[in-house]
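Working notes for the structure below.
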Amino acid sequence: MIETQGLVKQFGRVRALNGLTFRVEAGTIAGLLGANGAGKTTTLSILAGRLAPGQGLARVAGLDAAGGALALGSAVGFLPETPPLYAEMRLADYLAFAARLRGVPKQETGPRVEETLAALGLADLAGRRCGGLSHGMRRRAGIAQALVHRPPVLLLDEPMAGLDPAQVVQFRQLIASLRGRHTVLLSTHQLSEAAKLCDKVVLMCKGRAVEDPRLANGSLPARHQGYTLRLTVRGDEPRLRQALAPLVSQTFDLSPHPLLPGALAVQFTAAEDLREEAARRVVEAGLGLLELGAAEEQDLEALFLELTRQEPIS
Ligand code: ATP
């Protein structure tokens, strides 16, 4: 549904994209990750038909993005870094305008606008002028205008930047509800969000997709990273092994705690966050739970830093 091949973009002496190749299958939620300046915004702008590629191919929903935004028509919804709002327009009118512009029939516009406002928690702001919205509200309004015509492909540049925690949760649910029916490519700096939300991530470094044996086709299967659970427990070792055995499929590290006499340190990896289940089992076995933690982001962060390591600035 989204494909780039050998994409190159030069801004004067700066090579923003340097042979970028990746693809996103239909119905997938994909994250575009990379350090500042890696080329994420440039990539999304080209795919949305807002920026002409220098060399290479960029295709969205079977259309050549080099044809420009008009040629892509209603196939794409795009949230740029700065949401494209008209300050004087009321939010509901603006969304109706955006919907009509992208081919939504007049009689369907009202219900679409209402649905979209509700999905983004903006219903109470329908009558407010766009210019008077707060930063976070503008971001949400920007997501709303990208979604209002229900495009098959959604391109979102930093959609979670500036959202409050409640809105992040709501946004995550909204995007997850699109899985299978829409194809989403979003850029983000929030690794844990990408891991929670995305079926795959495309890791960018200096204008290219990073290739590494740990990545399949240039993408990191973020949802299968696994969680490393660490527990400190006071009590009997065989009983602890028995309590945790149903949660552990492979390796199981269990040793006397280096600092706490009489305590055991346990570490194992699971496909999901099993903290609650592990805590329940330890307590029900009559053991003393002293510490509990899950390290998922650390693993992802370490891999991100390793794979996108920048040359030291000299
Ligand atoms: P960030 O995470 O900081 O938003 P990014 O991954 O989105 O970064 P881009 O905005 O795509 O990165 O920029 C890639 C490179 O291209 C950077 O070196 C940037 O300075 C340069 N660049 C982007 N747009 C322009 C422009 N209009 N004119 C000149 N250089 C540009």
Side-chain angles (χ1 to χ4, degrees), residues 2-24 29-60 65-66 68-69 72 76-84 135-136 138-140 142-143 146 153-163 168 171 175 184-198 200-212 215 218-220 222 297 300-314:
I2 301 173
E3 184 184 9
T4 71
Q5 264 176 37
L7 210 53
V8 173
K9 181 70 189 177
Q10 191 92 21
F11 292 107
R13 292 169 62 188
V14 177
R15 185 162 276 220
L17 298 183
N18 190 20
L20 177 69
T21 299
F22 71 92
R23 46 191 299 150
V24 180
I29 299 172
L32 202 52
L33 298 181
N36 292 141
K40 304 178 293 296
T41 295
T42 305
T43 305
L44 290 170
S45 303
I46 290 175
L47 288 169
R50 308 298 171 101
L51 192 65
Q55 296 165 35
L57 185 81
R59 291 180 78 80
V60 182
L72 293 175
V76 173
F78 179 46
L79 169 71
E81 260 181 329
T82 308
H135 178 74
R138 281 169 195 242
R139 300 294 305 171
R140 280 193 265 158
I143 298 168
V153 176
L154 256 183
L155 304 169
L156 308 173
D157 200 354
E158 288 286 338
M160 285 168 280
L163 297 190
V168 168
F171 172 76
I175 295 297
V184 182
L185 179 63
L186 57 91
S187 71
T188 178
H189 289 111
Q190 296 173 27
L191 297 183
S192 57
E193 278 306 326
K196 281 188 195 120
L197 187 60
C198 300
K200 67 181 264 180
V201 298
V202 178
L203 209 53
M204 285 187 72
C205 183
K206 297 178 185 166
R208 299 175 76 105
V210 175
E211 284 175 22
D212 185 272
L215 309 177
S219 63
L220 170 71
E297 288 172 48
L300 200 57
E301 266 164 19
L303 189 60
F304 176 88
L305 290 175
E306 184 189 330
L307 296 179
T308 63
R309 191 170 291 138
Q310 303 286 306
E311 304 285 324
I313 298 165
S314 52

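In listed order, ligands and their atoms are each counted from 1. Values below: every heavy atom of this structure, side chains too, minus hydrogens, waters and symmetry copies.
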*asked:* Taking salt bridge (Lys or Arg N to Asp or Glu O under 4.0 Å) as the definition, give me every residue that meets it alongside E158, ordered by chain and number, with sequence neighbours left out.
replied: none
*Spacing of K40 atom NZ and T188 atom OG1 [to the nearest 0.5 Å]*: 9.0 Å
*A209 and V202: which non-hydrogen atoms are nearest, and at how many Å?*
CB-CG1, 4.2 Å
_Heavy-atom pair of closest approach, residues P159 and L186_ = CG-CB, 4.0 Å
*Please list, by chain and number, the protein residues whose heavy atoms come under 4.0 Å of ligand 1.*
F11, V14, A16, A35, N36, G37, A38, G39, K40, T41, T42, E81, H189
*Without swapping roles, check the side chain of T21 against the backbone of G6 for a donor-acceptor pair under 3.5 Å.*
yes
*Using modelled atom types only, decide if a donor and an acceptor are shared between the side chain of R50 and the backbone of S45 within a distance under 3.5 Å.*
no
